[in-house]
Amino acid sequence: MWNKKNLYTGISLILFIIFIYWADNNLDPYKMRILILCGIYVILALSLNLVNGFTGLFSLGTAGFMAVGAYTCALLTMSPEMKEMAFFLEPLIWPLNQIQIPFLPALIISGLVSAVIGFLIAFPVLRLKGDYLAIATLGFSEILRVVIINAQSITNGALGLKGIPKYTTVYWSWGLALLTIYLMVNLINSSYGRALRAIREDETAAQVMGINLFYHKITAFTISAFLAGIGGALQGNLIRTVDPTMYVFQLTFQILLIVVLGGIGSITGSVIAAVIITVLMEALRVVESPMTIGPLHIPGISGMRMVVFSLLLMVVILFYQQGFMGQREFSWDWLSRKGRDNEQTIGS
Amino acid sequence: MNFQLFLQNLANGISLGSLYALIAIGYTMVYGILRFINFAHGEIIMLATYFVYFGILIFSMPWWLAFIFSIILTSLLGMGIEKVAYKPLRDSPRISILISAIGVSFLIQNLSLVIFGGRPKAFCQPSIFTKMVTFGNVKITSITFITPIIAGILLYFVTYLVNNTKTGMAMRATAKDFDTAKLMGIDIDKIISLTFTLGSALAAVGGIMWGLRYPQIHPFIGTMPGLKCFIAAVVGGIGNIPGAVLGGFMLGIMEIMLVAFLPGLTGYRDAFAFVLLIIILLVRPTGILGEKIAEKV
Amino acid sequence: MNKLLEVEDISIKFGGLTAVQNFSLDLKPGEIVGLIGPNGAGKTTVFNIITGIYKPTSGKIFFKGEDITFLRPDQITKMGIARTFQNIRLFTNLPVIENVLVGQHLRLKSSWFNASFNTRSYRKEEKEMRERAFKLLEDVGLYEMRNEKAGSLPYGQQRRLEIARALATNPELVLLDEPAAGMSPQESQELMEFIREIRERFKVTIFMIEHHMRVVMGICERIKVIDHGVTIAHGTPNEIQNNDRVIEAYLGVDLNA
Ligand SMILES: Nc1ncnc2c1ncn2[C@@H]1O[C@H](COP(=O)(O)OP(=O)(O)OP(=O)(O)O)[C@@H](O)[C@H]1O
Ligand SMILES: [Mg+2]
């Protein structure tokens with residue numbers, strides 16, 4: 001049985017890789033970009049779900065960590081000439097103005113910088129719970145943004161960075177997304193995952209079972225920051241510009257929407273919802289851009305997408321709190337009608 | 001920095017602080033009873049300014065009538081939001097209600113963007129609020145001292161209501177212990193509804209005065225004051241009305257002074273509130289006037 | 001060393017209320033000792049202090065000779081003290097098996113890295129944990145229920161599961177807070193057997209709070225009685241049954257019930 005499931009998983013994986021390869025050769029750049037974004041949003045949604053869904057810490061700091069990742073990666077991958085052009089108000093500090101490194105190490109460093117900042121932020125904020133934690137992490141995200149606006153000689157302030165090399169391909173985005181899914185599934189099914197869920201269910205009881213609350217929370221938070229940093233970096237090197245206005249609370253909101261829609265505490269749900277929301281986000285772009293249908297000229301309505309998204313969020317939370325998946329996960333047993341057997345759950 | 005300038009800034013800080021206090025009370029009252037952050041409070045502020053704008057533009061109301069019109073409409077709106085978005089979630093995990101509040105906030109913001117458009121509009125500026133007034137050698141606009149006066153009157157009114165009336169008693173009972181209050185025959189739904197109405201009315205007054213102070217309105221003006229006033233409420237001790245007032249004044253005065261005395265940090269003005277929040281939460285998580293509640297195991 | 005736990009003169013105040021005053025206790029390995037007293041006497045508070053949830057206002061606690069007074073609850077559990085709660089606190093949305101597995105987490109050797117990459121060494125450890133959990137569930141008669149949500153079990157089984165979860169931490173001392181609460185005479189009889197069995201099989205010392213006098217008198221070798229936070233009696237079940245102060249504190253309660 002177990003081997004059969006592995007076989008199914010392997011076959012699906014191969015089919016998916018073939019699909020990616022096919023897409024890379026056949027889809028137009030616009031569609032490709034959406035596909036790449038899907039992979040990035042999968043990573044971001046899993047990052048948020050790890051703390052919000054599995055550990056029960058309501059954090060709203062994703063946008064801040066994405067900003068850290070995106071700026072770090074941009075500064076590490078841009079050529080010295082591009083940097084000199086971008087930083088015309090105030091030159092970039094040494095040694096950042098000289099450095100240019102390949103994408104992979106830049107990505108890893110971006111994740112690590114974001115993780116370090118996440119770790120430092122976690123020290124004070126993880127003493128808080130519930131709404132307080134939410135507002136404090138949101139606050140930190142805002143502070144990071146304000147710092148970015150003001151640190152002219154590192155971030156180029158409000159001007160942002162332009163001309164970031166477009167390194168993010170579909171292989172990067174989905175390769176890392178698949179790796180993240182794989183690691184997350186393992187982690188959540190492991191003893192550490194159980195400890196996190198125990199913390200979510202009842203902190204006091206978990207602590208009395210010998211679980212060091214702070215250590216587990218801070219590790220989950222740091223991993224989450226790492227992933228958000230990677231996601232931000234991938235996004236920056238896809239759209240090729242970053243500026244402080246990109247990393248407002250609305251960005252966190254979109255990722256929160258994915259997590260809630262997919263089911264708070266479900267990896268499968270996050271993956272499905274990430275794809276749906278990303279596609280929807282692009283599809284609805286039509287509504288916001290001006291249209292001409294025959295003689296009728298409709299000006300673009302900005303804000304319409306977010307109206308749809310906030311309505312969606314409210315409908316889910318009011319009428320369908322479980323989202324797509326609740327806390328359940330996909331399993332091949334669904335197909336074999338064997339019923340659910342919790343001994344082997346996620347993705348096996 | 002001379003003394004005169006200091007007084008000028010102090011007056012400014014008190015004025016801004018009283019505005020924050022007014023809005024913070026709405027947060028604190030709602031948090032006191034339902035234990036959640038009404039994320040949409042900032043959007044209520046924003047809508048109040050638009051109601052004034054349209055009252056004058058479409059119905060050609062005189063400004064004072066537009067103000068009253070806006071306060072009434074905003075109160076009803078606050079009540080409506082509670083009924084639609086929060087009431088069905090009262091027995092759900094607290095996180096659900098917070099998410100719903102975030103949803104409402106974004107919905108109102110973007111719906112306003114769709115309906116009103118993103119271009120800033122000019123808020124009315126009746127001359128009695130813009131006159132320059134001189135106290136000794138300190139020169140300020142009249143709104144600067146009208147704000148604290150109105151805020152003071154309203155604060156007195158609210159404090160009286162909460163402390164000395166039957167309704168206020170029911171509010172406090174509900175805040176103390178939801179279930180017991182219910183058992184004692186208090187109509188919880190009514191009390192909650194009233195709390196939202198009252199909080200929104202205060203937010204409307206705050207919003208209008210915000211508009212008079214910063215007379216450019218657009219769909220996103222509510223966000224920052226909303227967040228800052230929540231922080232003021234937490235700093236003072238959430239759930240505690242005098243605390244919200246204290247927090248509001250502290251934040252307002254400190255913010256103005258920061259900009260006045262350390263102009264180099266002006267860019268960090270909006271981050272200051274969050275820094276204060278985090279310091280307070282670490283040093284005294286219950287806020288300055290809040291009481292500690294130990295969890296019973 | 002023949003003292004497992006030494007509680008020396010602990011007191012705790014909540015505002016003006018002294019919930020526990022100068023409470024002392026020695027436990028020897030393998031004993032079953034009871035703690036009784038009227039409602040609100042401070043029994044649960046004593047447990048909360050021993051397990052580190054509350055810090056005492058004064059006094060000290062030693063476990064196996066080490067001072068544990070100011071350790072965190074998880075550190076204390078790691079040293080070998082496990083407990084159950086008066087109002088059952090299972091992880092209700094997690095399956096029965098996971099509740100027991102969580103209890104073993106504190107002895108986990110693998111790192112986050114090994115767990116995330118599901119390495120061979122992690123798989124081995126996970127397998128051992130599961131085997132131990134199965135064994136434990138068999139011992140307490142919940143093996144058949146292993147995949148049910150903990151919250152969906154009937155009350156009596158939830159109590160048993162909570163004990164199993166405590167045992168999963170591999171303790172030397174188990175604190176049981178009213179394990180027979182809400183049970184029928186028949187069920188509490190079974191529970192007594194169960195507790196005796198646990199002591200034999202897991203070689204643990206048991207310190208329990210209990211209101212069912214039949215249970216307390218039936219299995220405890222020594223009993224402590226507190227009232228309003230003050231220790232009023234201490235002795236064998238027989239001595240306690242005939243102690244005037246105890247009878248006074250329990251006025252109206254028939255100790256032979
Ligand atoms: N965290 C706390 N804050 C304030 N008072 C507390 C706290 N925990 C316990 N108390 C008080 O301490 C006293 C003792 O409580 P405790 O729960 O220990 O009683 P008990 O003997 O276990 O009673 P029962 O038989 O009802 O379980 C009670 O008056 C209780 O209200
Ligand atoms: Mg008790």
Side-chain angles (χ1 to χ4, degrees), chain A residues 2 6 46 50 53-54 56 179-220 222-223 226-227 264-265 322 326-328 333 339-348, chain C residues 48 51-53 72-85 88-108 110-119 122-123 125-126 129-130 134 146-151 162 165-166 168-171 175:
Chain A
W2 201 80
N6 272 0
L46 291 181
L50 177 63
F54 292 106
L179 181 63
T180 310
I181 294 171
Y182 170 75
L183 296 179
M184 199 67 91
V185 167
N186 284 339
L187 180 65
I188 290 312
N189 278 339
S190 77
S191 191
Y192 288 102
R194 287 191 292 266
L196 298 183
R197 265 168 287 162
I199 292 173
R200 176 188 72 198
E201 292 282 311
D202 183 337
E203 282 201 359
T204 307
Q207 196 178 24
V208 167
M209 296 319 293
I211 294 171
N212 182 339
L213 295 182
F214 190 71
Y215 167 72
H216 282 83
K217 285 182 184 179
I218 203 167
T219 311
T222 308
I223 296 175
F226 179 82
L227 291 175
I264 303 174
Q322 296 290 303
Q327 292 178 358
R328 284 166 303 143
D333 291 330
R340 261 175 290 142
D341 185 348
N342 276 311
E343 279 166 52
Q344 280 300 329
T345 34
I346 308 168
S348 33
Chain C
N48 284 338
T51 52
I53 294 175
R72 287 192 313 269
D74 55 288
Q75 293 172 314
I76 292 172
T77 310
K78 232 174 188 156
M79 291 193 60
I81 302 180
R83 73 174 281 186
T84 64
F85 294 93
I88 311 176
R89 293 184 83 150
L90 288 168
F91 306 117
T92 47
N93 288 315
L94 306 186
V96 169
I97 177 85
E98 286 202 6
N99 272 271
V100 178
L101 286 168
V102 165
Q104 296 183 40
H105 181 69
L106 76 171
R107 312 270 175 233
L108 187 77
S110 302
S111 64
W112 291 79
F113 186 86
N114 279 334
S116 304
F117 282 92
N118 203 15
T119 59
Y122 178 75
R123 283 202 301 270
E125 203 177 1
E126 171 84 17
M129 283 169 78
R130 279 187 188 269
F134 287 152
R146 65 190 180 285
N147 291 330
E148 305 290 323
K149 267 190 180 181
E162 217 193 5
R165 186 180 69 172
T169 64
N170 204 4
L175 311 181

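A, B, ... follow the sequence lines: proteins, then strands. Residue 1 opens every chain.
If you measure heavy-atom distances from C:Ala166 to chain A, the contacts under 4.5 Å come from the backbone alone. At a 4.5 Å heavy-atom cutoff, the contact between A:Leu196 and chain C is made by side-chain atoms alone. In this structure, the portion of C:Ser110 lying under 4.5 Å from any heavy atom of chain A is its backbone and not its side chain. There is no contact between C:Thr51 and chain A, counting heavy-atom distances below 4.5 Å. For C:Met79, no part sits under 4.5 Å from any heavy atom of chain A, backbone or side chain. Both the backbone and the side chain of C:Arg165 have a heavy atom closer than 4.5 Å to some heavy atom of chain A.
Within 6.0 Å of CZ in A:Phe214 there are more than 12 heavy atoms belonging to other residues, nucleotides or ligands.
For C:Gln75 (side chain) and C:Arg72 (main-chain N/O), a donor-acceptor pair under 3.5 Å exists by modelled atom type. The main-chain N or O of C:Arg89 is found under 3.5 Å from a side-chain atom of C:Glu162 such that the two form a donor-acceptor pair. Not one N or O on the side chain of C:Ser116 forms a donor-acceptor pair closer than 3.5 Å with the backbone of A:Leu187. Under a 3.5 Å cut-off, the side chain of A:Glu201 and the backbone N or O of C:Asn93 do form a donor-acceptor pair.
If you tally non-hydrogen atom pairs under 4.5 Å between each of C:Thr92, C:Leu94, C:Asn99, C:Asn114 and chain A, the highest count goes to C:Leu94. Interface remark: of the candidates C:Gly103, C:Ala115, C:Ala168, C:Ala82, C:Ala115 forms the most heavy-atom pairs closer than 4.5 Å to chain A.
Here C:Arg130 pairs with C:Glu126 in a salt bridge; the nearest charged N to carboxylate O distance falls below 4.0 Å.
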